[in-house]
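Because only heavy atoms are used, hydrogens play no part in the values below, and waters and symmetry mates are left out as well, while side chains stay in. Everything quoted here is computed from the prediction, not taken from an experiment. Residues take their numbers from the sequence shown, with the count starting at 1.
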Amino acid sequence: MDSGKKTIHFVRHCQSTWNEAQYIRKLTHKDKELQSEAYIDAPLTTFGQEQAAKVKRKIQDLKAEVAISSPLKRAIETCIRTHGDRNVVVTHWCAERGESICDIGTTKIELEKIYPMIDFSNLPPDVWWYVDEKFKHEQTDPRKCFEWVLSNGTFKLGETDNHFERRLECFYDFLQSRNESNIVVFSHSMFLRHFLFKYYGRPLLQVIPNGELVTYAL
């Protein structure tokens, strides 16, 4: 690694309940089952927890100085089960693109209760996940966001291209601002595909499997 550069290890979270429904049971966004409130901020499955246990040594062998995680539970849980709960910073800049019910998150105050060892100081206090600005006053918590999505006859949250591009840029700046030189990031399929394409030219359609990592110099 050249002097002054950082080593960034990008990890896609392990299997979530949403992944299980999509890939194992072959459901799509239009299926009634995926319109369930149970998929809000989808956690890891039992298999996802087993995946995390298998890659724990690999993640810990990275000897990362800090872990940066998306605020979605599937990413946080992957982080805790592999890296641990020390030196973990959460930022919404690397959350998944808002498209599905599983991308409706949990508020900062609730996350702090569940994961008291983790640093949530970079997370906005209320709705940090994507909601349409025109209706933001109606969508003030996960339940209201869920009800809004259902009542509007769509099961996609529809994060705009401009908003998503801005988050990619903000996350790049966030990584640049860190003092650490060895960082592990826990994020999501679509976010990582677009981030790595934008900044490293990795093929956009090259998926990172659940629980796998790729390493780049920043």
Side-chain angles (χ1 to χ4, degrees), residues 9-25 27-29 31 33-56 58-60 64 67-85 88-108 110-120 122-123 127-130 141-143 145-146 149 155-157 159 164 167 171 184-196 207-214:
H9 313 281
F10 297 94
V11 182
R12 182 185 174 193
H13 65 81
C14 296
Q15 187 195 67
S16 71
T17 55
W18 179 272
N19 295 145
E20 179 185 48
Q22 279 195 304
Y23 303 134
I24 302 222
R25 297 157 72 185
L27 298 176
T28 70
H29 292 277
D31 287 305
E33 190 171 334
L34 280 187
Q35 299 162 19
S36 168
E37 185 177 2
Y39 289 109
I40 293 175
D41 203 357
L44 298 184
T45 60
T46 299
F47 180 72
Q49 295 172 10
E50 292 170 356
Q51 283 182 312
K54 288 179 180 178
V55 301
K56 180 177 179 179
K58 181 190 292 186
I59 301 297
Q60 293 192 340
I68 297 172
S69 178
S70 153
L72 290 163
K73 288 179 181 176
R74 54 197 185 269
I76 295 176
E77 291 176 6
T78 301
C79 175
I80 289 173
R81 289 174 179 273
T82 58
H83 169 84
D85 61 5
V88 178
V89 175
V90 168
T91 175
H92 60 302
W93 298 132
C94 64
E96 183 60 300
R97 183 166 188 168
E99 284 196 328
S100 309
I101 285 171
C102 64
D103 304 323
I104 296 173
T106 301
T107 59
K108 177 179 179 178
E110 292 302 319
L111 289 172
E112 287 176 329
K113 292 176 185 176
I114 300 168
Y115 309 108
M117 296 297 292
I118 292 178
D119 179 2
F120 291 99
N122 290 281
L123 198 62
V127 174
W128 51 262
W129 55 94
Y130 180 77
D141 60 48
R143 177 68 193 181
C145 287
F146 172 71
V149 169
F155 305 103
K156 287 181 178 291
L157 303 184
E159 183 173 1
F164 186 56
R167 283 206 295 116
F171 187 60
V184 60
V185 172
F186 293 86
S187 187
H188 307 266
S189 179
M190 187 171 290
F191 182 89
L192 290 175
R193 285 197 293 111
H194 283 263
F195 186 86
L196 296 176
V207 175
I208 300 173
N210 289 115
E212 295 295 323
L213 71 88
V214 295

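For R81, the side chain to side chain contact (heavy atoms under 4.5 Å, CB included) criterion is met by L44, Q49, A52, not counting sequence neighbours. Legend: residues meeting ring pair (Phe, Tyr, Trp, His ring centres under 6.0 Å) with H194, ordered by chain and number and at least two apart, are F164. In this structure, the ring pair (Phe, Tyr, Trp, His ring centres under 6.0 Å) partners of F195, at least two apart in sequence or on a different chain, are F10, F171, F191, Y199. For E77, there are no salt bridge (Lys or Arg N to Asp or Glu O under 4.0 Å) partners, not counting sequence neighbours. Scanning for salt bridge (Lys or Arg N to Asp or Glu O under 4.0 Å) contacts around E37 gives R143, with sequence neighbours left out. Scored by the salt bridge (Lys or Arg N to Asp or Glu O under 4.0 Å) test, E110 finds K113 as partners (sequence neighbours excluded).
Rounding to the nearest 0.5 angstrom, the gap separating the CD1 atom in I118 from the CD atom in E112 is 10.5 Å. From W129, atom CH2 reaches atom OG1 of T107 across 6.0 Å, with rounding to the nearest 0.5 Å.
Under the 4.0 Å criterion applied to side-chain N and carboxylate O atoms, R74 and E96 are not assigned as salt-bridge partners.
For the pair L213/I208, no side-chain contact is recorded, criterion being any heavy-atom separation below 4.5 Å from C-beta on. Counting only heavy atoms from C-beta outward, the side chains of I76 and F120 approach each other to under 4.5 Å.
The two residues I101 and S36 come nearest to each other via the heavy atoms CG2-O, 3.8 Å.
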Evaluation steps, side chain to side chain contact (heavy atoms under 4.5 Å, CB included), between Y115 and I80: CA-CA 9 Å; Y115 309 108; I80 289 173; 3.5 Å; yes
Step by step, work out the side chain to side chain contact (heavy atoms under 4.5 Å, CB included) result for R97 and H188. CA-CA 8 Å; R97 183 166 188 168; H188 307 266; over 6 Å; no
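Side-chain contact of T91 with N122: a donor-acceptor pair under 3.5 Å is absent, judged by distance alone.
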